[in-house]
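See structure below.
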Amino acid sequence: MRDKLTTLLKIVISLGLITFALARANLDEVAAQLSSARLELVAAALALYVTAIAINGLKWQVLLRAQGVQVPLTAVLRFLFVGFFFNNFLPANVGGDVMRGYGLARYTDRNADAAVSVIVDRIVGLTAYLSTAVVAAIVAVNLTGHTELRQVEWVAILALAGLTAGFSVLLSRRLRALITRAFAWRWLNPLAPLWERVSTAFNAYRFRYGALASAFGIALFGILCTTFVNWFLSQAMGGHMSLPAIFLFNPLIALVLMIPISIGGIGVSQTAYPFFFGLAGVPADHALAVSLLIYAVAVVASLPGGVLWLKGREKREEKG
């Protein structure tokens, strides 16, 4: 019941935010921009978006190899696209991670390693985004004079510090040993075997700083790709967004989208784009049009994951 109420609340928030964004916009102008978008640039943005997904697959493979789990890149990409599809079409934000972790677990028969690799992959990706968000916020507040972003700056810094501290706990053998003691309590004891497997899986990343640094660098490259996705889509509709502005605000928008208050970021994105890019003088209608178009690109890019999932399901039914 609690999960259903949470999902319902997210739907209400998404509908409320998207209604608010559309109510403030000149819908005729937004529609005109979308209908006049240059298809070759939209196609380029779509190709670059798919490339960014593939780059994230490479990041995940690097982290899997650090665990000693050898999985071909083609299989990694298949699980990743399936997860990306469910991220767009399931109300729960973690749906995609569950699906790709489930696929990997079935493929490798290493459940704990699969689950931990997904968690670490998510942590590395969030760390990359939060790092760029911190830099962007500092630049925006202290160099470009957007003092109204001071709170965003502190949220980004605190979120990055909290994420780093949490990951450090998971990698520390001593701190994990302290957590293990808690599972001696009667109500937690049934979960002790599960925690032991997860703790052992995390231990594989201790001292694998090279792999973690490589994954972080790959994540930054993926962020660079999504930056140019925004630029291509803006160029397709008149080019009101400058590349420096996109470099500055893309990480901050990504930071806002990490807050799990809506379904797939719907509504949050459509309010964040006009706000942030409005600080750089970008017309609100153009920013809204870009946010709608990038959502459409994300949905189209995720469709192959649905096809792959259906094919995998058919194969499992044939075997069953």
Side-chain angles (χ1 to χ4, degrees), residues 17-18 20-53 55 128-149 152-153 156 220-259 264-301:
L17 289 174
I18 195 69
F20 173 76
L22 295 176
R24 298 185 63 187
N26 182 336
L27 297 184
D28 291 335
E29 177 61 26
V30 173
Q33 291 194 42
L34 291 173
S35 62
S36 64
R38 295 169 57 186
L39 294 182
E40 69 275 14
L41 291 178
V42 174
L46 176 60
L48 194 56
Y49 200 97
V50 173
T51 300
I53 298 175
I55 289 170
Y129 259 114
L130 286 171
S131 298
T132 53
V134 167
V135 173
I138 290 174
V139 170
V141 172
N142 299 290
L143 298 182
T144 62
H146 292 306
T147 55
E148 64 272 25
L149 295 178
V152 176
E153 176 187 13
L220 291 178
F221 188 56
I223 294 172
L224 178 65
C225 287
T226 60
T227 298
F228 277 96
V229 168
N230 280 272
W231 185 74
F232 276 126
L233 294 179
S234 177
Q235 290 295 311
M237 296 183 292
H240 296 291
M241 291 181 180
S242 67
L243 197 54
I246 297 173
F247 270 109
L248 181 61
F249 295 124
N250 186 44
L252 298 180
I253 292 173
L255 173 63
V256 174
L257 291 174
M258 289 177 191
I259 305 173
I266 299 174
V268 177
S269 176
Q270 285 68 48
T271 52
Y273 267 76
F275 170 75
F276 283 106
F277 284 103
L279 300 175
V282 176
D285 296 332
H286 180 74
L288 177 59
V290 171
S291 74
L292 293 171
L293 196 52
I294 198 169
Y295 179 75
V297 165
V299 169
V300 172

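This chain uses plain numbering: 1 for the first residue, then up along the sequence. This one's a predicted model, so the numbers in the text were calculated from it and none came from an experiment.
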Pair Val290-Met241, side chain to side chain contact (heavy atoms under 4.5 Å, CB included): steps then yes or no
CA-CA 9 Å; Val290 171; Met241 291 181 180; 3.8 Å; yes

Looking at every heavy atom in both [X] and [Y], which two are closest together, and how far apart are they?
{"X": "Thr227", "Y": "Asn250", "answer": "OG1-ND2, 3.3 Å"}
{"X": "Ala21", "Y": "Leu288", "answer": "O-CD2, 4.0 Å"}
{"X": "Val50", "Y": "Ala301", "answer": "CG2-CB, 4.0 Å"}
{"X": "Leu255", "Y": "Ala156", "answer": "CD2-CB, 3.6 Å"}
{"X": "Ala37", "Y": "Leu293", "answer": "CB-CD2, 4.4 Å"}

Take a 6.0 Å sphere around CZ of Phe275 and say whether it holds more than 12 heavy atoms from other residues, nucleotides or ligands.
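Count over threshold, so yes.
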
Output the distance between atom [atom1] ([X]) and atom [atom2] ([Y]), rounded to the nearest 0.5 Å.
{"X": "Phe232", "Y": "Tyr49", "atom1": "CZ", "atom2": "OH", "value": "15.5 Å"}
{"X": "Ile18", "Y": "Ser269", "atom1": "CD1", "atom2": "OG", "value": "8.0 Å"}
{"X": "Ile55", "Y": "Leu48", "atom1": "CD1", "atom2": "CG", "value": "7.5 Å"}
{"X": "Leu248", "Y": "Ile246", "atom1": "CG", "atom2": "CD1", "value": "11.0 Å"}
{"X": "Asn26", "Y": "Gln33", "atom1": "CG", "atom2": "CD", "value": "9.5 Å"}
{"X": "Leu279", "Y": "Leu252", "atom1": "CG", "atom2": "CG", "value": "9.5 Å"}

Compare all side-chain heavy atoms of [X] with those of [Y] and state whether any distance is below 4.5 angstrom.
{"X": "Asn142", "Y": "Glu153", "result": "yes"}
{"X": "Leu17", "Y": "Gln270", "result": "no"}
{"X": "Leu41", "Y": "Leu233", "result": "no"}

Side-chain donor or acceptor of [X] paired with backbone N/O of [Y] under 3.5 Å:
{"X": "Thr132", "Y": "Tyr129", "result": "yes"}
{"X": "Ser234", "Y": "Trp231", "result": "no"}
{"X": "Thr51", "Y": "Ala47", "result": "yes"}
{"X": "Thr226", "Y": "Val229", "result": "no"}
{"X": "Asp285", "Y": "Ala25", "result": "no"}

Can you say whether the rings of His146 and Phe249 are parallel (under 30°), tilted (30 to 60°) or perpendicular (over 60°)?
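Answer is tilted, since the angle falls between 30° and 60°.
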
Before you tell me yes or no, could you show the steps for Tyr273 and Leu292 under side chain to side chain contact (heavy atoms under 4.5 Å, CB included), namely the whole-Å CA-CA distance, both residues' side-chain angles and the distance that decides it to 0.1 Å?
CA-CA 10 Å; Tyr273 267 76; Leu292 293 171; over 6 Å; no

Intermediate values then yes/no, side chain to side chain contact (heavy atoms under 4.5 Å, CB included), Phe276 and Thr271:
CA-CA 9 Å; Phe276 283 106; Thr271 52; over 6 Å; no

